[in-house]
Amino acid sequence: GLPSSNTFITLSIPHLANGQSTEHSLAAEFLSAFTNVCYCVRVANSKPFNEWKSVMSSEASDVLSSALTLLASSARQATHHVRDVESFSKASDMCLMAARLHFLQSYFAAIKRESNPQSSKDIQLDREHNFDLDELVFALQNLSKRKDTEQVLQMIPSCDSDPCALDANEGWVDVVSTRQEASACAFVDSLASILHTISIHHVPKQVNDQSQDTVSSLLLKFGATFANWVSIPTAPSIATYSQPKHSLARRKWLNATAFHVVRFNVTDFNEAECSTDDTALESIRSFAFSLVGRLQLGEESFAAVLFSEDMLFRTSNQSSPEPSPVSSLLMQELCATSLARQQLDHSFKMNYGFGITAAEWGPFRIGTLLSETDSQDQRSPTPFSELLLPMGPLWLFKILSGTANQAEASGSQLVNETEILATCLKLLVDLENTSTSLSSSHAKHIPTGAKLYYLMNVFLHPESVLRDDRIGPLLEVLFDQYTSKQNEGVPLVESFWRACFDHSQISQTNSFGESDDMDTSDRQLFSMLMGQQDATEKELRPLIDFVADVCKVYLEYGAQYDSFTKCIRLFFSTAFPSQVRCEATRLLREVLHLLTLAQEEDEPFGLEMSNVLNLCLFGDATDKGEAVRDSSEFLDLIVSVMKVDRAGQATSSKWSAERGGFFFLFTVASLARNIATSIQDRTGMSIAKQRLTHLSKETKDIVLESADRLIDGANLVSTVMDVGKAHQGKV
């Protein structure tokens, strides 16, 4: 098509002359064609002649040598139309404006591309025909003052969650049609692109100081506009694990728009030196991290650019200018295999980049992955399962579950693993702190249970990693933040289980044994959690296996870390099926007394212990609609831990009201609740009484007194704490 450029330019004159879009106008199409020509000039001018002559005819190279000269008048005309536009609220007008801005961006990038000393003289830039930067900036300033610009932004969902969830929102579809949304995205995409290009080229020697101030003012103005759009959701946020229902095309134009806005704003912070606004910076980072989780196959170039922005991955306490270990890891994974590098090269070239291979520059040659990339079914096992994208909304948390092979890893690898984990945990802490001040924070849309699941994966790393002074405190801070909402119960466990089950499918086939040993109460609870009519061992097995792995590590070396103790106590939560709690109790039977922290031993009935019990015990003890029933297997198991001998003496001095402790109070509360519900329902009373015969007199008295108060409607945790404290004073 390059040899026909002269003909295209002649044919385009009547179409480009009109400032507004008309029914039969091909102005947008001509401008798009000219955009591609400008990118060809930019690519060709970037390398020596002998590196691209094999893929371009002499006739095409002749066209490129004069292309900028031929398109100069079209560029000036497009600038005037941007400056003098009357309205672009209609979809057709937005498309035309987007085409103009995209053409101007490609033209400006081509003329500002520094000439390579080794390039062919025929492709040298003809600087005599450069259009005036001041004129373009003035046109964009007029654009920034128009209400149409803000109205277009309102047509694009900017919420921090997965935009695929917006399809379920009928009100949004009624207000903004698909065509309007696509046109609005094209406009914002091209606007952010040209601003980004200007921001990285706005200090040329020939521009005077006044012009520099004008450019900086323009960048700050749009930077603030985009930052406001990013930070204030314009559509409801719906967290979902389901597959997106909308078209792949819609996902791509939403992602492309979000990417170009983030890229410009990050450049705005770096180049315009306005990074003093921490709230705006955190808002952009949160939005960027959400975008990374939405990127799909074919958008690897977007991911590469985001991963290379050190500002996005710099933690609040990082003073070193070195790249973040997390961003370095992600870049390595993005280029880990030959296929991954080919896919990344393909993605860059399809998005007007130079590619990453030495032999095939720019859009002149691309790989043959397009048909695979645009496939709707992106879950095929091979060969695309080895590619990094898509990573999903939990991508940052999944880094916590990666580990080096301890038998094969060298010391330097383990050190690097520690640095990655410490940086990732600090990033998560920063995101959580951001979520308290930003309504659209990325962290707010991640289910708490999923966060806790991946947080616990840190304990499966080698002890040399956990021993690092930074890991433990960061784990405790995150655990306390994630569990700050008391009695979250079932929703927490549901998202914990889903994250565990999805994670297990990465390395396991769906071929668990068809054991059917869950009792009725477990089935009812699990069905309630999962929203299913029936649940089998097949679905529950990954969770039980994970609990077993974590408990074994705790027995081996984890009990010395307070952060580990805090996390592992979560497995005793009433929200977990009793089979999970039974597994944890059996494995930790000999060290259950270690589940009490040193500061809790100093105040066995203090606020910290009360908070722990509130996290693990939820549900009213007497109300039939809210009553929680523990399985007989679990109740028998915890009683066997605290049983007495025939003389009525406790078999272990670990369990008494004087010492208190997490497991002692947890057992008392579970038994008291069981007795209270049995009396209320008049079922299972004989079994409940039989269990008490295995307890010491002191423990039995505390259980019975607590049960009496529960029947009268008292709170479970506060009752057990008060009764236990009263008996402690009698000892």
Side-chain angles (χ1 to χ4, degrees), residues 160-162 237 239-241 282 285-295 303 306-307 312-313 315 324-330 333-334 388-404 417-436 441-461 465-466 470-485 488 491-507 542-543 546-547 549-550 563-564 566-568 570:
D160 202 16
S161 64
D162 189 344
S237 171
T240 178
Y241 280 93
E282 292 301 327
R285 173 159 63 180
S286 179
F287 189 80
F289 282 8
S290 176
L291 171 61
V292 170
R294 300 197 302 264
L295 294 179
L306 294 176
F307 294 160
L312 294 177
F313 293 90
T315 57
S324 165
V326 173
S327 61
S328 299
L329 169 69
L330 293 169
E333 291 297 318
L334 199 60
L388 183 62
L389 298 183
M391 294 193 292
L394 296 169
W395 65 274
L396 189 58
F397 293 88
K398 290 179 181 178
I399 295 176
L400 301 178
S401 65
T403 182
E417 183 180 354
T418 304
E419 291 297 324
I420 291 171
L421 282 177
T423 305
C424 186
L425 290 170
K426 188 63 180 73
L427 270 174
L428 291 173
V429 170
D430 289 347
L431 282 176
E432 289 297 325
N433 292 336
T434 302
S435 69
T436 61
S441 172
H442 172 60
K444 283 187 176 181
H445 303 300
I446 305 297
T448 302
K451 296 177 182 178
L452 285 169
Y453 168 74
Y454 282 103
L455 192 69
M456 289 191 185
N457 271 267
V458 175
F459 299 119
L460 302 181
H461 287 263
V465 175
L466 297 179
R470 297 166 294 176
I471 301 297
L474 289 172
L475 287 170
E476 287 195 57
V477 168
L478 286 170
F479 181 83
D480 291 341
Q481 288 179 324
Y482 295 159
T483 57
S484 59
K485 294 182 180 179
E488 191 170 346
L492 184 149
V493 173
E494 178 183 1
S495 57
F496 189 103
W497 177 88
R498 288 187 183 276
C500 180
F501 185 83
D502 291 343
H503 190 207
S504 71
Q505 303 310 297
I506 297 175
S507 57
L543 181 57
F546 177 73
V547 171
D549 290 340
V550 173
S563 56
F564 206 156
K566 280 188 172 185
C567 288
I568 207 167
L570 185 66

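Atom set for the values below is all heavy atoms of this structure, side chains included, hydrogens, waters and symmetry mates excluded.
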Would you confirm whether Ser495, through its side chain, and Pro491, through its main-chain N or O, come within 3.5 Å as a donor-acceptor pair?
-> yes
Just by modelled atom types, is the Ala422 backbone N or O under 3.5 Å from a matching donor or acceptor in the Arg470 side chain?
-> no
Could you go through the salt bridge (Lys or Arg N to Asp or Glu O under 4.0 Å) check for Lys426 and Asp430 one step at a time?
-> CA-CA 6 Å; Lys426 188 63 180 73; Asp430 289 347; 2.7 Å; yes
Go through Glu282 and Asn433 one step at a time and tell me if the side chain to side chain donor-acceptor pair (under 3.5 Å) criterion holds.
-> CA-CA 10 Å; Glu282 292 301 327; Asn433 292 336; over 6 Å; no
dist Trp497:CH2 -> Tyr453:OH (nearest 0.5 Å) comes out at 12.0 Å
Would you give the length of the straight line joining atom CZ of Phe289 to atom CG of Leu312, rounded to the nearest 0.5 angstrom?
-> 6.0 Å
Closest contact, heavy atoms only, Cys500 versus Phe546 | SG-CB, 3.9 Å
Exam field: side chain Ser504 to backbone Phe501, donor-acceptor pair closer than 3.5 Å = yes
Once you round to the nearest 0.5 Å, how far does CG of Leu421 lie from CG of Asn457?
-> 10.5 Å
Derivation and outcome, side chain to side chain contact (heavy atoms under 4.5 Å, CB included), residues His503 and Tyr454 | CA-CA 9 Å; His503 190 207; Tyr454 282 103; 3.8 Å; yes
Measure the CG-OG distance between Leu474 and Ser563 for me, rounded to the nearest 0.5 Å.
-> 10.0 Å
Would you mind reporting whether Val550 and Phe564 have side-chain heavy atoms less than 4.5 Å apart?
-> yes
Check the pair Leu455 / Leu428 against side chain to side chain contact (heavy atoms under 4.5 Å, CB included), numbers first and verdict last.
-> CA-CA 10 Å; Leu455 192 69; Leu428 291 173; 5.6 Å; no
Evaluate side chain to side chain contact (heavy atoms under 4.5 Å, CB included) for Val458 paired with Val465, printing each intermediate quantity in order.
-> CA-CA 9 Å; Val458 175; Val465 175; 5.7 Å; no
For Leu388 and Leu334 the tightest heavy-atom approach is CD2-CD1, 3.8 Å
In short, Leu475 meets Phe459 closest at the heavy-atom pair CD1-CE2, 3.6 Å
Is a side-chain donor or acceptor of His461 paired with a backbone partner of Leu400 at a separation under 3.5 angstrom?
-> yes
CG of Leu396 to SG of Cys424: how many Å apart, nearest 0.5 Å?
-> 4.0 Å
From CA spacing to verdict: side chain to side chain contact (heavy atoms under 4.5 Å, CB included), Val292, Met391 | CA-CA 8 Å; Val292 170; Met391 294 193 292; 3.2 Å; yes
Check: Glu419 main-chain N/O paired with Thr423 side-chain donor or acceptor under 3.5 Å = yes
Taking C-beta and beyond as the side chain, do Lys451 and Leu394 meet within less than 4.5 Å on heavy atoms?
-> no
Name the orientation class of the two ring planes belonging to Phe313 and Phe307 (parallel below 30°, tilted from 30 to 60°, perpendicular beyond 60°).
-> perpendicular
Pairwise side-chain contact, Leu425 with Val477, heavy-atom cut-off 4.5 Å (strictly under) = no
In Å and rounded to the nearest 0.5 Å, what is the CD to CG distance from Glu432 to Leu427?
-> 12.0 Å
